[in-house]
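Before any comments, here is the structure.
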Protein chains: 2
Amino acid sequence: MTLSDIEFPTPSEDADCRPVREILDRIADKWSLYIFVALKDGPVRFNALRRQIDGISQRMLTITLRQLERDGLISRTHFPTIPPRVDYELTAVGRSLLAPVMALVTWADSNRDVIEQARRQHDQTR
Amino acid sequence: MTLSDIEFPTPSEDADCRPVREILDRIADKWSLYIFVALKDGPVRFNALRRQIDGISQRMLTITLRQLERDGLISRTHFPTIPPRVDYELTAVGRSLLAPVMALVTWADSNRDVIEQARRQHDQTR
DNA sequence: CCGAATCCTCTTGGATACTG
DNA sequence: CAGTATCCAAGAGGATTCGG
């Protein structure tokens, strides 16, 4: 499949399009991207994730991890030690998503100056 | 720059990281992605965009277009005809973002079956 | 046709306190 | 350490109405 095969919604393809939107909406929520990046080098424990992702609350970390687990993108390993330990890790499918995600992150990093300048220019023009 | 150069937040890099997050949050909002895809083949008029992006309200289309314009990712051309006509188009910077975005869309399209199966399996297990 | 403005709803998400 | 439960505020976003 090539990029040009992906056509958004001529009405007839609309039904096919919905699952894709569901997936994109999940990926594009507030925290999923950052969890992905945080897990890119291997398993990470719950509180380590929490420290690594600046500003995320315990609640949202839990919720987002559960959703990603449900989608089969990350796996959860519970060690019944005392104190308990839980590792989160990308699955094979999750790792296959890492390339596009990192491409986005790389783009954002490369273009932040351009964008900030565009904003300043826009704000002072009006 | 390679992918491995992008490290998320060792505390010392935290300040550098914030602009990147701002940009990602913009890209990853509910509608920006779809506007990008809709504009990938050239200029599109306001109401054509509205029809093309299923479910978007006039309000959110306007707001999202304004934000993307402020970031220098799309341009707006107003033809003072009657009735008026306004074309939206990706800028050069915007087009450079198209590749990573389409990679994501392609991934979502290729993996929707896998994800839906993972969801069903997860939901029936518990 | 292309919006701006208002109103109102519902989701998102933070703060806090409590369990195993 | 790794959660769960509850409460509450802020903002996203839809519906509708009006203007150029």
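Since the model is a prediction, treat every value here as computed from it, not as a measurement. Letters A, B, ... are given to chains in the order of the sequence lines, protein chains preceding strands, and every chain is numbered from 1.
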Query raised in the report: So where does chain B start and stop touching DNA chain D, 5' to 3', when the test is distance under 4.0 Å to a non-hydrogen atom?
Result: D:dG13 to D:dG20
Query raised in the report: Of the non-hydrogen atoms in A:L39 and A:L49, which two are nearest, and what is the gap between them?
Result: CD2-CD2, 4.0 Å
Protein-nucleotides 9-15 of chain C N/O pairs under 3.5 Å:
from, atom 1, to, atom 2, distance (Å)
C:dG13, N7, A:R59, NH2, 2.5
C:dG14, OP2, A:S57, OG, 2.9
C:dG14, O6, A:R59, NE, 3.3

Query raised in the report: Between A:K40 and A:L90, what is the shortest heavy-atom contact and its length?
Result: CA-CD1, 4.2 Å
Query - Difference in axis direction between the ends of the helix from C:dC1-D:dG20 to C:dG20-D:dC1, five pairs, 10° - result: 40°
Report summary line: Contacts of A:S96 meeting side-chain hydrogen bond (donor to acceptor under 3.5 Å, both in side chains) (sequence neighbours excluded), chain-then-number -> B:W107
Requested in this report: Write down the atom of A:V93, the atom of A:G72, and the distance for their closest heavy-atom approach.
Outcome: CB-O, 4.1 Å
Query - Least distance between heavy atoms, A:S32 atom then A:T64 atom - result: OG-CG2, 3.5 Å
Query raised in the report: Mind checking what makes side chain to side chain contact (heavy atoms under 4.5 Å, CB included) contact with A:R59, not counting sequence neighbours?
Result: A:S57, A:I63
Report task. If a pair satisfies salt bridge (charged side-chain N to carboxylate O under 4.0 Å, His left out) and one of its residues is in residues 24-34 of chain A, list it, with sequence neighbours excluded. Result -> A:R26-A:D71
Query - Heavy-atom closest contact (A:V20 atom, B:A108 atom, distance) - result: CG1-CB, 4.0 Å
Query raised in the report: Mind checking what makes side chain to side chain contact (heavy atoms under 4.5 Å, CB included) contact with B:V86, not counting sequence neighbours?
Result: B:R76, B:H78, B:Y88
**Report entry** Residues in salt bridge (Lys or Arg N to Asp or Glu O under 4.0 Å) contact with B:E22, at least two apart in sequence or another chain
**Finding:** A:R119
Query raised in the report: What pairs with A:R50 under salt bridge (Lys or Arg N to Asp or Glu O under 4.0 Å), at least two apart in sequence or on another chain?
Result: none
Report summary line: Residue pairs passing the salt bridge (charged side-chain N to carboxylate O under 4.0 Å, His left out) test with at least one member in residues 87-106 of chain B, sequence neighbours excluded, are B:R85-B:D87
Query raised in the report: Counting only non-hydrogen atoms, which of residues 61-90 of chain B are less than 4.0 Å from DNA chain C?
Result: B:T62, B:R66, B:R76, B:P83, B:P84, B:V86, B:Y88
